[in-house]
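Everything numeric here is computed off the predicted structure, so don't read it as measured data. Here is the naming used below: chain letters follow the sequence lines, and residue numbers restart at 1 for every chain.
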2 protein chains.
Amino acid sequence: MSKQESPVLPSAPVSAEGEQACCAPLVCAPLTESEAAELASLFKAIADPVRLRLLSLIACHEGGEACVCDLTAAFELTAPTISHHLKVLKRAGLIDSQRRGTWVYYRLNPGMLERLSAILGPRTAVPASA
Amino acid sequence: MSKQESPVLPSAPVSAEGEQACCAPLVCAPLTESEAAELASLFKAIADPVRLRLLSLIACHEGGEACVCDLTAAFELTAPTISHHLKVLKRAGLIDSQRRGTWVYYRLNPGMLERLSAILGPRTAVPASA
DNA sequence: CCTCTAATTTGACATCTATCTATACAGAGG
DNA sequence: CCTCTGTATAGATAGATGTCAAATTAGAGG
């Protein structure tokens, strides 16, 4: 794998000044070129109808994981195409896979969607008071 | 304009049952084909480093709006290219423009980013208690 | 070892997209 | 009216991307 973690994703978006983040990172300060590039590649990963449905199918599947065979069956696309989309999602760090016998199961990488969400909108992280 | 509002974006993601939404729409139930297509076209609009920076620049600019001349100056790209990206963002409903004299000003379309955010993550809406 | 099925990789191809140059449009000011 | 500046459109081109068919890998089970 060429890259796994995205440094642009704030794990703690709240500023250190004791005040809670005023707003989403995107509207707090202009993105730098490299931040924008990192973010864009993440959004590119989900900016596809097949990949969005894959994410959704995986997330909604019982146990939070889904076999490739289930996923492939949900589309009118060939297995290699589904495999390609899964690879894109995996490379973006959004999902992870695990082989069990003949089958391969995919599940959401926890936190990734929420972090992306936090980039766009305010107050997405769970309240710090809790 | 061929399309303006995206029916897939929930204006009120909280369920009517008095309970707050369990999770993001994406992980509540599998997306339908058309929902996924709608969403994908929205995410495609922001899945570009230049457009992300444009959104960020506009959002951070004083008065919440920015002139095309300011935006163009922030990149090493030609004016037509910037104009193209602004058009993409506008067609997606993310920004809106207003001509004042010779200059054209762009501003964020309120709520759009938050709605996108709500698709991905839980608890994006501002707390109802506030 | 052979075979069968599940999944991925490879390579090709058509389509889409980001960018540029050149041109056109819009308003301000001689 | 003409010209100048700011913005948008049109057309062209290089590169990225989604899809498929064919070939390959991985494990299960004769």
Against the side chain of B/Arg99, the closest entry in C/dA18, C/dA26, C/dT8 is C/dA26
Closest approach to the side chain of B/Thr78, judged atom by atom: which nucleotide of C/dA7, C/dT19, C/dC20 is it? C/dC20
Between A/Asp48 and A/Gly101, whichever has its closest DNA chain D nucleotide further toward 5' is A/Asp48
Would you say A/Gln98 and A/Val104 make side-chain contact, with heavy atoms under 4.5 Å? no
Please pick, from C/dT9, C/dA7, C/dT8, the nucleotide with the shortest atom-to-atom distance to any side-chain atom of A/Lys87. C/dT9
Begin with the C-alpha distance, continue with both residues' side-chain angles, and end with the deciding distance and a verdict on side chain to side chain contact (heavy atoms under 4.5 Å, CB included) for B/Ile46 and B/Leu42. CA-CA 7 Å; B/Ile46 64 171; B/Leu42 277 172; over 6 Å; no
Do A/Val88 and A/Met112 sit in one hydrophobic cluster, given that two such residues count as connected whenever their side-chain heavy atoms are within less than 4.5 Å of each other, even indirectly? no
Closest approach of A/Pro30 and B/Cys60, non-hydrogen atoms and distance? N-SG, 3.5 Å
With nearest nucleotide decided by heavy atoms, which residue, A/Pro80 or A/Trp103, maps closer to the 5′ end of DNA chain C? A/Trp103
Using the rule side chain to side chain contact (heavy atoms under 4.5 Å, CB included), only one of A/Leu55, A/Leu113, A/Ile119 pairs with B/Leu120; which is it? A/Leu113
Of B/Thr81 and A/Arg51, the one whose nearest nucleotide on DNA chain D sits closer to the 5' end is B/Thr81
Check step by step if side chain to side chain contact (heavy atoms under 4.5 Å, CB included) holds for B/Ile95 and B/Asn109. CA-CA 5 Å; B/Ile95 60 177; B/Asn109 222 331; 5.8 Å; no
Determine the contact category for A/His84: base if any of its heavy atoms lies under 4.0 Å from a base atom, sugar-phosphate if only primed atoms, P, OP1 or OP2 are that close, otherwise nothing. base
Would you classify A/Arg100 as touching base, sugar-phosphate or nothing, given that sugar-phosphate means primed atoms plus P, OP1 and OP2, and contacts are heavy atoms under 4.0 Å? nothing
Find the distance B/Ile82:CD1 to C/dT19:P and express it as a whole number of Å. 8 Å
Base, sugar-phosphate or nothing for A/Phe75? Non-hydrogen atoms, less than 4.0 Å. nothing
Roughly how many Å is it from CG in A/Leu71 to C1' in C/dA6, rounded to a whole number? 13 Å
Give B/Tyr105 one of three labels, base, sugar-phosphate or nothing, depending on what nucleic acid heavy atoms sit under 4.0 Å from its own. nothing
List the atom of B/Val27, the atom of A/Ala59, and the distance in Å for their closest heavy-atom pair. CG1-CB, 3.1 Å
Assign A/Leu77 to base, sugar-phosphate, or nothing according to its heavy-atom contacts below 4.0 angstrom with the strands shown. sugar-phosphate
May I have the distance from B/Arg91 (atom CZ) to C/dA18 (atom C1'), rounded to whole angstrom? 13 Å
Would you please confirm or rule out a distance under 4.0 Å between OP1 or OP2 of C/dT17 and any side-chain N or O of B/His85? no
Using whole Å, what does the distance between atom P of nucleotide C/dT17 and atom NZ of A/Lys44 come to? 10 Å
Quick one: how far along DNA chain D does chain B reach, first to last nucleotide 5' to 3', anything under 4.0 Å to a heavy atom? D/dG6 to D/dT9
